[in-house]
Amino acid sequence: ALQRADALMSDTLRDIRLAREWGFDPSKPAANVVGNGGIDLEEILNVTQGVALLDPPQVINPRGFRSGSVRNDTFFQAIPLVLQKRPDVRFICPWMAGQREALQWVDKLDIENNVTLLPMLSQQELWREFARSMVSVSVSVHDGTPNSLLEAMAVGCLPVCGNIESIREWITHEENGLLVDPDDPIALANAVLSGIEDEGLRRYAAARNREVIRSRAEVSSVRAQVAGFYSNVIGSRQV
């Protein structure tokens, strides 16, 4: 497929690199743009205006269950370790209400008093939950550029993510987020605790991430990049 393709669009530089290793002609057009069409930063800021962080602290896992990629086992096993030091922390999990695996982890670890499994949220409801949360957790073993990561960054919620190549394209450890081994609940728990307790990191990361979103993922610039890409593809085919 890569050898036959006339052009390639990917939401990560990693995939463009791999595509070229697997036979995509480097002379053909390729573009790295976010896959959701861009972040409407103005709309997000309008929706979350006036929404404050919760006290006691709230941590959000926005990923739901995705077979083979998101390590929710690591996430749930980290929760009791966080609660040993901060028994007041609340964890919310959209798209997990009624999920058998989530219910089993909550029951097995006896964490039902600190975990809320939520149904699917609207986009605006999710943004408001990001704004109420100090930390957003997304631990994957492989991934593209998650929409939820970009939205958390836009809102100012500190990302704690798996330390994988695609996420490192957006997050620099201890600068605008925290990166952990996706297999290590202890490392994840320590990162969540650091995110909650280090207000300076959260403030710096929030400001930095908003600029990252504005420069790399804002909807108007993404649309211009996509339009330019297709114009280039069409022009190259006509030649």
Side-chain angles (χ1 to χ4, degrees), residues 51-121 125-126 128-143 146 148-149 151-153 155-164 167-168 171 173-174 176-203 205-206:
V51 180
L53 291 173
L54 291 181
D55 186 14
Q58 176 170 288
V59 174
I60 184 171
N61 176 348
R63 300 303 302 276
F65 280 92
R66 300 165 190 268
S67 177
S69 60
V70 178
R71 292 296 304 273
N72 280 318
D73 56 335
T74 303
F75 167 71
F76 281 110
Q77 290 175 78
I79 292 176
L81 303 177
V82 173
L83 298 179
Q84 287 176 9
K85 296 185 177 181
R86 289 293 303 263
D88 59 330
V89 176
R90 304 286 306 177
F91 294 82
I92 66 165
C93 308
W95 292 282
M96 291 195 193
Q99 291 280 347
R100 181 179 179 183
E101 185 176 346
L103 292 168
Q104 288 175 338
W105 277 115
V106 169
D107 181 62
K108 177 181 178 179
L109 298 171
D110 192 23
I111 52 177
E112 63 274 3
N113 291 333
N114 294 80
V115 175
T116 302
L117 305 178
L118 297 174
M120 182 179 69
L121 302 180
E125 288 170 334
L126 180 61
R128 293 188 185 100
E129 292 302 336
F130 280 133
R132 296 184 181 106
S133 303
M134 288 187 178
V135 172
S136 175
V137 174
S138 174
V139 279
S140 303
V141 291
H142 61 83
D143 221 328
S148 57
L149 170 63
E151 291 162 353
M153 293 169 67
V155 170
C157 183
L158 183 74
V160 173
C161 301
N163 187 5
I164 58 177
I167 301 301
R168 290 195 297 271
I171 301 298
H173 182 57
E174 295 184 338
N176 64 329
L178 297 170
L179 300 175
V180 300
D181 181 346
D183 299 323
D184 190 340
I186 296 174
L188 177 57
N190 289 335
V192 169
L193 287 166
S194 294
I196 290 170
E197 295 169 357
D198 193 339
E199 182 179 357
L201 172 62
R202 293 200 315 273
R203 288 183 179 276

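Between Phe76 and Val106 the shortest side-chain heavy-atom distance falls below 4.5 Å. Residues Cys157 and Ser136 are in side-chain contact: their nearest non-hydrogen atoms beyond the backbone lie under 4.5 Å apart. The shortest distance between side-chain heavy atoms of Asn72 and Asn61 falls below 4.5 Å. Within the 4.5 Å cutoff, side-chain heavy atoms of Pro57 are placed close to those of Asp88. The shortest side-chain heavy-atom distance between Leu117 and Gln99 does not fall under the 4.5 Å cut-off. Using a 4.5 Å cut-off on side-chain heavy atoms (C-beta onward), Cys161 and Leu149 make contact.
Within 6.0 Å of the CD1 atom in Ile186, the count of heavy atoms belonging to other residues, nucleotides or ligands does not exceed 12. Shown here is Arg168, whose CZ atom has more than 12 heavy atoms of other residues, nucleotides or ligands within 6.0 Å.
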* Are Leu54 and Arg90 close enough, and set up right, to give a side chain to side chain contact (heavy atoms under 4.5 Å, CB included), and what steps lead you there? -> CA-CA 9 Å; Leu54 291 181; Arg90 304 286 306 177; over 6 Å; no
From CA spacing to verdict: side chain to side chain contact (heavy atoms under 4.5 Å, CB included), Val89, Asn114: CA-CA 7 Å; Val89 176; Asn114 294 80; 5.6 Å; no
Fill in: Working for side chain to side chain contact (heavy atoms under 4.5 Å, CB included), residues Arg202 and Met134
CA-CA 8 Å; Arg202 293 200 315 273; Met134 288 187 178; 3.9 Å; yes
(message) As a quick check of understanding, evaluate salt bridge (charged side-chain N to carboxylate O under 4.0 Å, His left out) for Arg63 and Asp143, giving each step before the final call.
(response) CA-CA 11 Å; Arg63 300 303 302 276; Asp143 221 328; 2.9 Å; yes
For Phe91 and Val137, what are the C-alpha separation, side-chain angles and deciding distance, and is it a side chain to side chain contact (heavy atoms under 4.5 Å, CB included)?
CA-CA 10 Å; Phe91 294 82; Val137 174; 5.9 Å; no
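Atom CD1 of Ile92 and atom CD1 of Ile60 lie 4.0 Å apart (nearest 0.5 Å). Put simply, CD on Glu151 and CZ on Phe130 are 6.0 Å apart, with the number rounded to the nearest 0.5 Å. Considering CD1 of Ile79 and OG1 of Thr74, their distance stands at 11.5 Å, rounded to 0.5 Å. In this structure, CD1 in Ile196 is found 11.0 Å from CG in Leu53, a value given to the nearest 0.5 Å. In this structure, CZ on Phe65 lies 8.0 Å from SG on Cys93, to the nearest 0.5 angstrom. One distance of note links CG of Leu188 with CG of Asp183; it measures 11.5 Å at 0.5 Å rounding.
For Asn163 and Asp181, the side-chain atoms include no donor-acceptor pair closer than 3.5 Å.
Using a 4.0 Å cut-off between a side-chain N of Lys or Arg and a carboxylate O of Asp or Glu, Arg132 and Asp55 do not qualify as a salt bridge.
What you find for Ser140 and Pro182 is that their closest heavy atoms are O-CG, 3.2 Å. Across every non-hydrogen atom of Gly64 and Val70, the tightest pair is O-CG1, 4.3 Å. Contact record, Ser133 with Val59: OG-C, 4.4 Å, taken as the closest heavy-atom pair. Nearest approach of Val160 to Ala191, heavy atoms of both residues: CG1-CB, 3.8 Å. Looking at every heavy atom in both residues, Leu126 comes nearest to Trp95 through CD2-CH2, 3.7 Å. In terms of heavy atoms, Pro94 sits closest to Pro62 at CD-CA, 4.3 Å.
Between the side chain of His173 and the main chain of Leu178, no donor-acceptor pair closer than 3.5 Å is present.
Partner of Trp105 under the side chain to side chain contact (heavy atoms under 4.5 Å, CB included) criterion, chosen from Met96, Arg100, Gln77: Gln77.
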